[in-house]
Number of protein chains: 2
Amino acid sequence: MGTRQRRPTGRPRGFDADEALDRAMRVFWEHGYEGASLTTLTDAMGISSTSMYAAFGNKEELFRKALERYTEGPSAYLARALEEPTALGVATAILTGTIRTTTRPTGPHGCLGVQGALATSDASHAARDLLVTWRDSGYSRVRERFGRAVDDGDLPPETDPALLARYVTTLAYGIAVQAASGVGRDELQDMVDAALLTWPPC
Amino acid sequence: MGTRQRRPTGRPRGFDADEALDRAMRVFWEHGYEGASLTTLTDAMGISSTSMYAAFGNKEELFRKALERYTEGPSAYLARALEEPTALGVATAILTGTIRTTTRPTGPHGCLGVQGALATSDASHAARDLLVTWRDSGYSRVRERFGRAVDDGDLPPETDPALLARYVTTLAYGIAVQAASGVGRDELQDMVDAALLTWPPC
DNA sequence: CCCTTTCTGTGTCGATCGATACGGAAATCC
DNA sequence: GGATTTCCGTATCGATCGACACAGAAAGGG
């Protein structure tokens with residue numbers, strides 16, 4: 001065990017692709033898809049543009065992979081939140097996780113899934129569509145989780161899971177915008193704590 | 001009265017600057033500051049780049065003026081909302097106005113003040129800072145209005161106007177993101193109606 | 001009428017955009 | 001130890017970016 005598989009034929013890669021993807025994710029996160037130029041990206045990744053194209057395809061593919069990395073890294077709180085035993089626990093974990101990720105002292109402020117490509121030129125519609133799908137996927141998972149909470153009796157039977165999921169995701173996206181504006185972590189947390197005192201709001 | 005002032009010396013402008021600014025505002029609204037190229041802008045405005053520079057200065061100044069136009073046009077609901085007699089009326093008018101403006105069938109989806117320049121390259125930091133200031137100004141006006149509502153006894157004395165304003169603006173910015181993703185007007189309105197059933201939430 | 005002023009159309013500027021061609025370097029395969 | 005494969009460094013591609021030079025056109029002023 002622990003034995004790495006046989007080295008592939010050819011000259012070995014001179015950089016850590018995982019580390020490079022993390023750097024690229026941060027650049028996209030901070031500057032957005034269109035605001036991140038190839039020069040900015042490759043400088044941060046520490047590689048040449050040739051190496052980037054060989055390893056990741058093109059800018060669009062790099063963005064796609066950076067978003068996957070974001071989903072399983074900074075945004076992993078969502079998957080964990082959905083496993084909370086109660087709907088209120090789910091909502092609390094989602095919003096607290098959103099605040100923590102969007103206001104990290106060591107990272108860019110805001111959410112890659114929101115500010116990565118919210119309004120773009122026609123040339124970048126693929127990146128924008130990708131994030132629309134990403135956000136819609138998040139909403140759907142929350143809605144399904146709240147649907148189960150209704151079935152379980154955790155939420156009142158008259159609760160509309162779709163409406164409730166729309167409410168929580170709207171707060172989450174709004175928090176991402178506030179964080180991008182520089183609003184502090186504590187203030188956002190106080191706001192969420194107060195908002196969740198009434199539950200379910202719908 | 002009604003007499004227009006004396007024609008200025010020199011060749012008269014061959015286009016309507018007001019109309020051109022409206023067109024530019026729409027382009028910035030739909031594509032964002034960085035996604036709106038000079039070609040896209042001047043094509044929509046129906047003028048040459050020379051005329052644009054002569055009339056508006058440069059791209060950054062054009063964006064600044066387009067944002068002012070947006071504030072007194074599509075976003076004018078905010079000023080009207082602040083004049084509602086009750087805090088609940090203010091919140092309702094703000095969120096309903098946000099939904100109506102960000103989901104117009106004939107206009108771009110979303111809010112210029114949010115998606116105009118949320119994450120940008122360093123070269124466009126001026127546009128981003130402008131929108132940060134714009135959003136912060138909106139928040140401050142709402143907070144001051146809620147402060148008066150507390151003084152008037154419209155809101156309980158233990159209410160924190162800053163927290164409440166942060167809550168309402170967070171919902172508004174979240175709505176802008178949802179609208180940019182294509183979420184429909186009716187669904188957002190149902191969500192807001194349900195959310196405002198509990199008031200004040202904090 | 002000519003002069004001044006302002007605006008317009010054409011053409012183009014240097015810089016940067018995303019993306020590659022090409023040759024040499026570094027590994028495995030036989 | 002050659003052949004093969006893969007990767008890296010340099011240099012550059014055509015397109016587009018925001019911005020402007022220049023000359024002619026259209027108005028008022030004298």
Side-chain angles (χ1 to χ4, degrees), chain A residues 3-21 24 27-28 31-66 116-117 120-128 130, chain B residues 3-21 24 27-28 31-66 116-117 120-128 130:
Chain A
T3 314
R4 206 175 301 172
Q5 61 183 2
R6 177 183 214 73
R7 213 92 171 280
T9 307
R11 177 174 176 173
R13 195 171 270 153
F15 62 95
D16 185 340
D18 266 11
E19 171 73 16
L21 184 56
V27 173
F28 280 130
H31 298 295
Y33 179 76
E34 288 190 319
S37 72
L38 260 294
T39 303
T40 312
L41 285 164
T42 52
D43 281 358
M45 298 166 84
I47 60 178
S48 70
S49 64
T50 308
S51 298
M52 193 284 287
Y53 278 95
F56 300 102
N58 57 22
K59 187 184 178 184
E60 191 181 311
E61 282 300 313
L62 179 63
F63 183 68
R64 195 180 307 274
K65 285 157 185 160
T120 68
S121 70
D122 291 335
S124 305
H125 78 96
R128 191 187 33 190
L130 182 66
Chain B
T3 315
R4 206 175 302 173
Q5 62 183 0
R6 176 183 216 72
R7 210 77 168 294
T9 306
R11 178 174 176 173
R13 195 170 271 153
F15 63 95
D16 185 340
D18 266 10
E19 171 73 14
L21 185 55
V27 173
F28 280 129
H31 298 295
Y33 179 76
E34 287 189 320
S37 73
L38 260 294
T39 304
T40 312
L41 286 164
T42 52
D43 281 358
M45 297 165 83
I47 62 177
S48 69
S49 65
T50 308
S51 297
M52 192 285 287
Y53 279 96
F56 300 101
N58 56 21
K59 188 185 178 183
E60 190 180 313
E61 282 300 313
L62 179 63
F63 184 68
R64 194 180 308 273
K65 284 158 184 159
T120 68
S121 70
D122 291 336
S124 305
H125 79 96
R128 190 187 33 189
L130 183 65

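Below, read A as the first sequence line, B as the second, and so on, with proteins coming before strands; counting in each chain starts at 1.
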Exercise. Rounded off to whole Å, could you give me the CD1-to-P distance for the B/Ile47 and D/dA19 pair?
Key: 14 Å
Practice problem: Return the value, rounded to whole Å, for the distance between atom CE of B/Met45 and atom P of C/dG9. | Solution: 14 Å
Side-chain donor-acceptor pairs under 3.5 Å in residues 49-58 of chain A, sequence neighbours left out?
unit_1  : atom_1 : unit_2  : atom_2 : d
A/Ser51 : OG     : A/Ser48 : OG     : 3.3
A/Asn58 : OD1    : A/Glu60 : N      : 3.2
A/Asn58 : OD1    : A/Glu61 : N      : 2.9

Quiz item: Under 4.0 Å between a side-chain N/O of B/Thr9 and OP1 or OP2 of D/dA27, yes or no?
Solution: no
Quiz prompt | Nearest atoms (heavy-atom pairs only) where B/Ala44 meets B/Val27 | solution = CB-CG2, 3.5 Å
Exercise. Evaluate the side-chain proximity of A/Thr120 to A/Tyr33: yes if any heavy-atom separation is below 4.5 Å, no if none is.
Key: no
Self-check item: Where at least one partner belongs to residues 38-55 of chain B, residue pairs that pass salt bridge (charged side-chain N to carboxylate O under 4.0 Å, His left out), sequence neighbours excluded
Solution: none
Quiz item: How long is the line joining CZ of B/Arg13 and C1' of D/dG28, in whole Å?
Solution: 17 Å
Quiz item: Within the side chain of A/Glu34, is there an N or O that forms a donor-acceptor pair under 3.5 Å with the backbone of A/Ser121?
Solution: yes
Quiz item: Please give, in whole Å, the distance from D/dC8 C1' to A/Asp16 CG?
Solution: 17 Å
Practice problem: Using modelled atom types only, decide if a donor and an acceptor are shared between the side chain of A/Thr40 and the backbone of A/Ala36 within a distance under 3.5 Å. | Solution: no
Quiz prompt | Contact letters for nucleotides 16-26 of chain C, in which S counts primed atoms plus P, OP1 and OP2 and B counts the base, heavy atoms under 4.0 Å | solution = -SSBBB--BBB
Quiz prompt | Rounded distance (Å) that lies between atom C1' of D/dA27 and atom CZ of B/Phe15 | solution = 16 Å
